[in-house]
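Reading through the C-alpha cells given below for one structure.
A note on names: the letters A, B, ... follow the listed sequences, proteins ahead of strands, and every chain is numbered from 1.
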Amino acid sequence: MKEKAYDPKAAEERWYAAWLEAGAFHADPARPGEPYSIVIPPPNVTGSLHMGHALNITLQDVLLRYARMNGRNALWVPGTDHAGIATQNVVERELRGEGVSRQELGRDAFVARVWKWKEQSGGTILRQLKRLGAACDWDRERFTMDDGLSRAVREAFVRLYRKGLIYRGRYIINWCPRCHTALSDLEVSYAEEKGALWYIRYPGQSGGQGVVVATTRPETMLGDTAVAVNPKDERYAERVGTTLRLPLMNRPIPLLADAMVDREFGTGAVKITPAHDVNDFEVARRHELPSVRVIDESGRMTADAGVFAGLDRFACRDAVVAKLKEEGLLVREEPYLHNVGHCYRCGTAVEPSESMQWFVKAKPLAEPAIRAVRGGETRIIPSQWEKTYFEWMENIRDWCISRQIWWGHRIPAFHCRSCGKTMVEPDPPSKCAACGAEEILQEEDVLDTWFSSALWPFSTLGWPENTADLERYYPTSVLVTGFDILFFWVARMMMMGIEFTGKAPFRDVVIHALVRDARGEKMSKTRGNVIDPLEVIDRFGTDAFRFTLVALAAQGRDIRMSDDRVEGYRNFMNKLYQAGRFVRMHVDEETPRKLPGELPVVDRWILSRLQRVIDEVRGGIEEYRFNEAGSAYYQFVWHEFCDWYLEMIKPALLPSAGEEERKAQRATLLHVYETLLALGQPFIPFLTEELWHALPGGRGLLYDRPYPVADAAVNDVNVEEDMAHLMEVIRAVRNIRSELNIPPAKKVEVRLKGEAEEIAFLRDHEEILRRLARAEAVAYVDPDYIPVQDATAVVNDIEVCLPLSGLIDFDQESRRLKKEIEKGNAERVRVAGRLANEKFMANAPQDIVDALREREAALEQKLAKLGKNHELVSRYLS
RNA sequence: GGGCGGAUAGCUCAGGUGGUAGAGCAUCGCCCUUACAAGGCGAGGGUCACAGGUUCAAAUCCUGUUCCGCCUACCA
C-alpha cells in the first residue's frame, strides 16, 4: 500500500522527540555564536493553550529557529506565571466543592494546597507548547514562584523600598469585593452601564432649602462628610461655609468650595464620600475632612451605614432611594449611562475603597523607560505602538502592588509587634531593629503577580546573581507579545529592567494582533466561538496550522482563523510532501550534492529564482513581516518550483535523456529541494525535518543545518527573461486550446513565427514546449508565413500559430482575437495618452519614460499582428 | 473627551520609500497528463469608502467627511 498523502501525526511526535534527544534546544553560554535570546511571555499556570498563545509561540519559534540556523547562540526560556488571583480562585473553587473555605484551611495549608495543584495541573500549557513545536530550552524552565525568582522578587522589592520607590500608605484603591483584594488601575476594566442620576436634597442644618446634589451611587451618601461646589459658582457662593444635614444619617456636614467641581455637571454640587471615591478622597485631604467607610470588603454596608448596615451595596442603593423618596428628599431621577469598573478576573463591580496598601512610585522608573524607546535602544514594532507606550508612560500613576490574597510572593516587610517598626529585608529579621523585641510578624499581603513578571527577562537568567546566562543572554533580542499586555507587562519590564540592570530588557518588542474567529469576532468562552488550537492541529497538522498563522500575521492586523484557511495550507503541506516523493523517485545515494559548473538553462533559471526567494524569506523574517516571508515561500514552492520547474525537467529525467544531462538535473533538483526544506524549517519544522530525512544520505537534523543564504552570483536576469518568454508562449498555446475547447488529448502542431534569432531560444527548448503545451510538433516559420486557418496569439516578438483547419470554429476564434485586441488597445490608448502629456515627458524620470515608450512600441506591434490575424480569420466567418 | 487602526475582486485579506492593482478561498469551463483530485490547465471578476488637495503621476502623501473596530480618561 503506497502512502498517498502526508500524515503529520507520526512525524510530529518523532521529530520533537528527536530534537529533544539531540539536546538541540539547549543553549550553552560557553558555545560560540552571537547570542540570540527570547524569554517567553509566561502563560498563566492555570491556562491552557488558546489561539493567542499559538500565534505568539509560533512567531517566536520562527525567529528562534531562524536565528539558530543562522549560527546564533540561541536561547528561548520557557516558563509559567503563578497568576495569583486566577490560581487562588481555581483552588478555592475546588475547595468549595469539598465544602471547605480557605479560611478554615488556614494560610499555610492553603498555599500548600495550591502548590499541589500546580504540580499536578500546572504543566498543561507547557506540554501543549511542545505540540506546537516550540524550540524552548526546557532545561531552563522557570516559574515565577520558584526559589530563584522569589529571591529576585524580594531583592527587587527591598532595593526599590530603600530607594524610596516603594511606599506604604492609605489611599483609595480599586477593591474587588469578590476576590477580596486590591487591584491595580490596569486590572479594572470599564464598561458602560445603564444607571440613573439621582438628585438628592441635602437640607440646611438650620432649616432652609439646602443644596441638591446629583449622584449615580446614592448608597455612598451614608458615608458623605461634605458637599462641594466650585468656588466660582455664584449660585452657591453665599452658602459656602454653611452646614448641611446629611439625610438618613442626620449628620451635619459642611458645604465647601473646591476647584475640582465642574459647574456644568448636574446641579454643580457634589457629595463627598472620601472613603469610596478617588476624587472625593483628594478633596477630603485638601479640606481635612473625616472619612467614613460604609462598604466593607465584601461589598456589604458597614455598621457606620446606620439602619442599612448589613445590606449588600446594591440592595442598599434601592433602599436608600426608597427612603429618600419617602422623606421627600429625592428631587429627581433620570436615566444615565455611565462607566462602571469591573474586576478583570471575576467581573464583579469594583468598589473604590480607602485602605492601607503598598505602591511603586512609577514616575522615576518610567522616565528612563521612555528614553530607552525614544533613543532607539528598544524598538517597538509596528512603531505606531510607540505612541501608545509613550502616552501611558508619560501619564503613569503609582502602581498598587499589594494584594490581600495568599497565593503569591509575600511582601518582605516585617512588623515589630511591640514597637510597630516596619523592616523591609530580603530575609526575615530575628529581632526588631529598633527595640530588639523578637516577636516579628511578616506582612500579610502578597505582591501583584505582574511585579514578578516585570523581572522575568532577567530573573529567569539568574539575577540578582551575575550568572553566565545573564552575562551572555541579557538584554534579550526580542520580545513577542500581544498589545493587550503592553502596559501590564512590557512597560513594567522596561522600567524594572533598566532600574536593576541598567539596560532595557529587549532589543525589539514585536506586538502582534489578535486571533479572531472566521466572522471576525473576538473569541471568548461566553460567546462560545473559541477554536481550540489543539483541535485544529489534530485535524490538519501542526505545520499547516503554524503556516496559517504565519501567512496571516500581517503587522497590525487581526487574524481571522477559519478551517478554510488552514485547509488551504494543509494542502500546501501536502504539495511539498508530494514534491518530495517526486524528488525521491529521481535521486539516489549517487546524486552529487555539488552542482556541476555547466548547467542547463532550466536549472540556471530555478537557481536564479531561488536566490530571490531566499532573500525574500530572510527579509520577511528579519523585519518581522512574517506574512511576506510565508507567502514568498508558498508562491515559489507551489507556483514556480512545482508548477514549472518540476514539469520542465521531466523530459530531461526520462531514461531517454542523456546520462550526463540527467545527472546534472538531478543534482540541481536535489539542491533546490533541500534548500527549500531548510528555508521552510522555521515555519514548518516537522514536515521539513521529515522530508529532509527521507532524502538519501544521513546528514543530521535539519534544525542544525545552516539557513540558506542567497548567492547573488547565481542570479541571471537574462535567463529569467528567456524563461519568462518561454512560459508565455506555453501559456499562449494553453490559452488557445482552452478557449477553443481543444481537448488535452488532441495533439496539435505549434508554429512559431518570427525572426530566426527571436526563435532560437524556443527552438533550443522545444521539448519543454512540446510537453507543457501538449504539442505534437513544433514548426518554425518565417515572418512572411500567413496563418490562414490558424488560431493565433502574439507573445513579444513572435506569433504563436496553431493550424487548426477543420477543428477550429472561426466565430469563436474571431471573438477571442477581438477580445485580445480590445484589451491591448485600451492599454495602448492609456500609454499613448501619458506619452502625449508634455508635463509628464518633462518631469518624469527617464527610466519611466523609456519603459513606457517600449511598452507602446510593443503594444503597437502586437496589435498590428493581432489585427492582421483577425482579418484573416474573419474571412471564414459564416 | 483624547488616541490608534480599518474601509481594495463575491468572501478573507496582501500591497516598506508615489510609476501599468495581487494572493487564498469561492465561481465558471476543460482534464483521472505516470509527485500530488488535499491535484493540473484555462477564464471571469476591482471608478482601491466619499469629497477635496499636492504631483507629470495617488490604493499609496496631505486635509476633511461617513461608517466600523479597539485602547485610554476621576466628570459626581
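A:Glu567 comes within 4.0 angstrom of no nucleic acid atom, judged by non-hydrogen atoms across all strands. If you check every strand for non-hydrogen atoms under 4.0 Å, A:Arg774 touches a base. Within the nucleic acid shown, A:Trp638 comes within 4.0 Å of sugar-phosphate atoms alone, with no base atom in reach, counting heavy atoms only. Looking at heavy-atom distances under 4.0 Å, A:Arg737 makes no contact with the nucleic acid at all. Note on A:Pro352: nothing from the nucleic acid sits closer than 4.0 angstrom, heavy atoms only. Residue A:His639 is classed as a sugar-phosphate contact, given heavy-atom separations below 4.0 Å to backbone atoms only. Within 4.0 Å of A:Glu838, counting heavy atoms only, lies no atom of the nucleic acid at all. Contacts of A:Arg560 with the nucleic acid, taken as non-hydrogen atoms under 4.0 Å apart, involve only primed sugar atoms and P, OP1 or OP2.
A:Asp543 and A:Tyr569 share no donor-acceptor pair across their side chains, judged by distance under 3.5 Å alone. Defined by atom type and a distance below 3.5 Å, a donor-acceptor pair is present between the side-chain atoms of A:Arg828 and A:Asn825. Side chains of A:Tyr236 and A:Asn230: no donor on one and acceptor on the other come within 3.5 Å. For the residue pair A:Asn574 and A:Gln578, a side-chain donor N or O sits within less than 3.5 Å of a side-chain acceptor on the partner. Between the side chains of A:Trp175 and A:Glu351, no donor N or O sits under 3.5 Å from an acceptor N or O.
For the pair A:Pro743 and A:Phe483, nearest-nucleotide mapping onto RNA chain B gives the more 5' position to A:Pro743. Across the interface with RNA chain B, nearest-nucleotide mapping of A:Asn741 and A:Pro845 shows A:Pro845 to be the residue nearer the 5′ end.
Atoms CG (A:Asp558) and P (B:C71) sit 11 Å apart, rounded to a whole Å. In this structure, CG of A:Leu852 is placed 11 Å from C1' of B:A57, rounded to the nearest angstrom. Separating the CH2 atom of A:Trp644 from the C1' atom of B:G42 is a distance of 12 Å, rounded to the nearest angstrom. In this structure, A:Asn837 atom CG and B:A57 atom P are separated by 7 Å, rounded to whole Å. To the nearest angstrom, P of B:A35 lies 12 Å from CG of A:Leu669. Separating the CD atom of A:Glu386 from the P atom of B:G5 is a distance of 13 Å, rounded to the nearest angstrom. Rounded to whole Å, the distance from NZ on A:Lys522 to P on B:G69 is 13 Å. Distance, A:Leu552 CG to B:G24 P: 14 Å, rounded to whole Å.
OP1 or OP2 of B:C56 sits under 4.0 Å from a side-chain N or O of A:Asn843. At B:C36, none of the side-chain N or O atoms of A:Asn571 fall inside 4.0 Å of OP1 or OP2 (strictly under the cut-off). For B:A7, one of the phosphate oxygens OP1 or OP2 lies less than 4.0 angstrom from a side-chain nitrogen or oxygen of A:Arg557. For the pair A:Arg570 and B:A38, the criterion of a side-chain N or O lying under 4.0 Å from OP1 or OP2 is not met. In this structure, A:Lys575 reaches the B:G40 phosphate: one of its side-chain N or O atoms is under 4.0 Å from OP1 or OP2. Close to B:G3, at under 4.0 Å from its OP1 or OP2, lies no side-chain N or O of A:Lys387. For A:Lys650, a side-chain nitrogen or oxygen approaches OP1 or OP2 of B:A35 to under 4.0 Å.
Taking the side chain of A:Arg731 as heavy atoms from C-beta on, and the options B:G42, B:A35, B:G3, the nearest nucleotide is B:G42. Nearest nucleotide to the A:Gln635 side chain, out of B:A23, B:G44, B:C41: B:A23. Taking only side-chain atoms of A:Arg581, from C-beta outward, the nucleotide of B:C41, B:A35, B:C70 with the closest atom is B:A35. The A:Asn735 side chain lies nearest to B:A43 when the options are B:A35, B:G19, B:A43. Of the candidates B:C36, B:G44, B:G19, B:G44 carries the atom nearest the A:Lys819 side chain, counting heavy atoms from C-beta on. Side-chain atoms of A:Tyr634 lie closest to B:G24 of the nucleotides B:A35, B:G24, B:G19. With B:A35, B:G42, B:G16 as the candidates, the nucleotide lying closest to the side chain of A:Arg625 is B:G16.
Base pairing of B:C67: its partner is B:G6, meeting the Watson-Crick or G-U wobble criterion (both donor-acceptor distances under 3.5 Å). Pair check for B:C75 finds none; no Watson-Crick or G-U wobble contact set falls under 3.5 Å. Summarising the base pairing, B:A14 is matched to no nucleotide, lacking a Watson-Crick or G-U wobble pair whose two defining distances lie under 3.5 Å. Pair assignment for B:C48: none, as no Watson-Crick or G-U wobble contacts are both less than 3.5 Å. If you check B:C41 for Watson-Crick or wobble pairing at under 3.5 angstrom, you find it paired to B:G29. When both pairing distances are held under 3.5 Å, B:A59 makes no Watson-Crick or G-U pair with any nucleotide shown.
The pair A:Asp7-A:Lys9 does not count as a salt bridge, with every side-chain nitrogen at least 4.0 angstrom from each carboxylate oxygen. Ionic pairing of A:Arg397 and A:Asp185 is present here: one or more N-O contacts between side-chain nitrogen and carboxylate oxygen are shorter than 4.0 angstrom.
Here the closest non-hydrogen pair linking A:Arg217 and A:Pro352 is NH1-CD, 4.0 Å.
A:Phe487 and A:Trp392 have parallel rings, their planes meeting at less than 30° on a 0 to 90° scale where 60° marks the start of perpendicular. Ring-plane geometry between A:Phe572 and A:Tyr634 is classed as tilted, the angle between the planes lying from 30 to 60 degrees on a 0 to 90 degree scale.
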Protein and nucleotides 73-76 of chain B: nitrogen or oxygen contacts under 3.5 angstrom:
| from | atom 1 | to | atom 2 | distance (Å) |
| --- | --- | --- | --- | --- |
| B:A73 | OP1 | A:Arg397 | NH2 | 3.4 |
| B:A73 | N6 | A:Asn339 | ND2 | 3.1 |
| B:C74 | OP1 | A:Arg397 | NH1 | 3.0 |
| B:C74 | O2' | A:Asn279 | ND2 | 2.9 |
| B:C74 | O2 | A:Asn279 | OD1 | 2.8 |
| B:C74 | O2 | A:Asn279 | ND2 | 2.9 |
| B:C75 | O2 | A:Asp262 | OD2 | 2.7 |
| B:C75 | N3 | A:Asp262 | OD2 | 3.3 |
| B:A76 | OP2 | A:Tyr336 | OH | 2.9 |
| B:A76 | O2' | A:Ala214 | O | 3.1 |
| B:A76 | N6 | A:Asp262 | O | 2.5 |
| B:A76 | N6 | A:Phe265 | O | 3.1 |
| B:A76 | N1 | A:Asp262 | N | 3.2 |

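A:Pro8 meets the side-chain contact (heavy atoms from CB on, under 4.5 Å) test with A:Tyr6, A:Glu12; sequence neighbours excluded.
When the C1' atom is used for both B:G5 and B:A43, the distance is 37 Å, rounded to whole Å. Comparing B:C48 with B:G52, their P atoms sit 14 Å apart, to the nearest whole Å. Separation of the C1' atoms belonging to B:A23 and B:U63 is 33 Å when rounded to the nearest angstrom. Rounded to the nearest Å, the gap between the P atom of B:A51 and that of B:U66 is 15 Å. Of the P atoms belonging to B:U55 and B:G45, the separation is 36 Å, rounded to the nearest Å.
Interface remark: the A:Glu628 side chain does not form any donor-acceptor pair with the B:A23 base, using a distance-only criterion of under 3.5 Å.
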